[in-house]
Enquirer: 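Just dropping this structure here.
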2 protein chains.
Amino acid sequence: MANANPSRTQRPSRRASSSAPSLPVVSAVEQVDTSYLQTLLGYNARRAALTIIEGFLERMAEFGLRPVDFSVMSVIQHNPGVTSRQLCAALNLLPPNLVGLIQSLETRGLIHRLPHPTDGRAVGLHPTPEGAALMQKAEQAATDLEEARSARLTAAQRKTLLELLQKIYL
Amino acid sequence: MANANPSRTQRPSRRASSSAPSLPVVSAVEQVDTSYLQTLLGYNARRAALTIIEGFLERMAEFGLRPVDFSVMSVIQHNPGVTSRQLCAALNLLPPNLVGLIQSLETRGLIHRLPHPTDGRAVGLHPTPEGAALMQKAEQAATDLEEARSARLTAAQRKTLLELLQKIYL
DNA sequence: TATTGTTATACTCTATAACTATA
DNA sequence: TATAGTTATAGAGTATAACAATA
């Protein structure tokens with residue numbers, strides 16, 4: 001695939017005495033062509049993810065939850081007693097980056113940490129009533145946001161998109 | 001959607017004399033349930049993007065190009081004379097973050113900066129022969145990587161995925 | 001010996017405000 | 001007055017190495 005954007009703005013640049021007029025050294029671009037990048041899954045997935053997350057950030061500010069906070073709280077909500085290690089494996093996070101996040105959630109009273117029933121090294125993470133109530137609202141808001149975000153997709157297209165994305169990372 | 005993961009490891013915890021045995025306070029999670037998160041476009045798009053980019057980083061290390069470097073060079077390659085401002089708009093980057101990147105590409109001899117033909121404030125970015133040659137190889141490698149990455153997708157599914165992602169961010 | 005959770009730390013990425021030169 | 005490019009800087013996100021406690 002060669003340069004697919006031949007439309008340039010060119011100054012008249014009347015050169016003096018040239019039977020075969022040489023091309024101008026400099027040229028300007030009228031419309032930027034990104035058609036090559038648009039053939040790449042990585043580029044499109046990244047752009048789409050960032051666009052969605054942008055709206056997510058605004059909507060979730062009310063709950064004080066950034067994307068990773070949200071996903072961590074959601075997993076704890078649906079898996080009370082889950083350990084940090086399990087969270088890392090499920091969400092592809094690194095343990096050191098989870099420590100401060102967990103502490104913050106505990107300080108806010110959204111979760112509490114209880115000893116693991118069988119493994120003395122591990123700690124089970126449980127939602128507090130406040131945390132559970134917050135997540136019920138937050139997940140509803142996230143689901144509402146999904147519908148707004150995918151307004152340009154049919155329900156079937158949205159389902160297809162989810163399935164195809166999961167084929168990539170699962 | 002309530003808790004869809006009832007499978008817990010529970011210690012027998014034989015309580016003393018209780019006709020209605022109370023549930024254990026602590027419980028462990030056997031398998032982490034992420035089914036709610038998997039209904040969200042943002043979560044899936046982000047996970048997929050990060051998975052793809054992980055492979056991209058490894059493959060492109062040979063060319064010394066990170067994802068943003070690659071996309072910037074690709075746009076310059078296909079749009080010689082493009083300005084920083086146009087790059088920012090096309091790739092959703094912020095001007096201050098592009099400055100160091102452009103300088104680095106110029107220092108490496110991959111691009112050169114020429115005065116804009118009509119706007120004295122702007123600078124046109126052009127690939128050097130070395131930059132153009134590098135990008136020809138890098139884009140071929142990226143395209144090869146795409147095929148490997150989407151091995152679990154049919155050609156039609158891959159096309160569908162690209163189109164649906166573009167409906168999200170374009 | 002391997003694993004869970006933690007600390008310290010470094011590096012990258014992204015975002016904001018303010019300045020200059022030109023349109 | 002508005003725009004292109006730049007500088008300085010702050011903040012968030014992500015990465016590795018090493019340690020204590022427990023399996």
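Letters go in sequence order (proteins before strands), and every chain restarts at 1. Computed from a predicted structure; not experimentally measured.
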Enquirer: Check the distance between dA4(D)'s P and Ile102(B)'s CD1 and give it to me in whole angstrom.
Expert: 15 Å
Enquirer: Tell me, do Met135(A) and Pro127(A) make a side-chain contact under 4.5 Å, heavy atoms counted?
Expert: no
Enquirer: His116(B) has an atom NE2; how far is it from atom C1' of dA23(C), in whole Å?
Expert: 12 Å
Enquirer: May I ask you to check whether Phe63(B) and Phe70(B) place their ring centres under 6.0 Å from each other?
Expert: no
Enquirer: Take Val123(B) and His116(B), measure what side-chain contact (heavy atoms from CB on, under 4.5 Å) needs, and give me the verdict at the end.
Expert: CA-CA 5 Å; Val123(B) 178; His116(B) 191 278; over 6 Å; no
Enquirer: Who are the side chain to side chain contact (heavy atoms under 4.5 Å, CB included) partners of Thr34(A), not counting sequence neighbours?
Expert: Val32(A), Gln38(A), Val75(B), Ala90(B)
Enquirer: Mind calculating the distance between CZ (Arg85(B)) and P (dT6(D)) to the nearest angstrom?
Expert: 11 Å
Enquirer: In this structure, how many angstroms lie between the P atom of dT14(C) and the CZ atom of Arg66(A), rounded?
Expert: 16 Å
Enquirer: Using a 4.0 Å heavy-atom cut-off, write out nucleotides 14-23 of chain D from 5' to 3' as B (base contacted by protein), S (sugar-phosphate only) or - (no contact).
Expert: BBBB----BS
Enquirer: What is the distance from CG of Leu114(A) to P of dT4(C), rounded to the nearest Å?
Expert: 19 Å
Enquirer: Check the distance between dT6(D)'s P and Leu87(B)'s CG and give it to me in whole angstrom.
Expert: 12 Å
Enquirer: Measure CD/Gln103(B) against C1'/dT6(D) and give the value in whole Å, please.
Expert: 9 Å
Enquirer: Given 3.5 Å as the limit, does a donor-acceptor pair link the side chain of Arg149(B) with the main chain of Leu41(A), or not?
Expert: no
Enquirer: Which class fits the ring pair Tyr169(B) and Tyr43(A): parallel under 30°, tilted 30 to 60°, perpendicular over 60°?
Expert: perpendicular
Enquirer: Take the protein atom CD1 of Ile53(A) and the nucleotide atom P of dG13(D), then report the distance between them rounded to whole Å.
Expert: 10 Å
Enquirer: Counting only side-chain N and O atoms of Arg113(B), is one of them less than 4.0 Å from OP1 or OP2 of dT6(D)?
Expert: yes
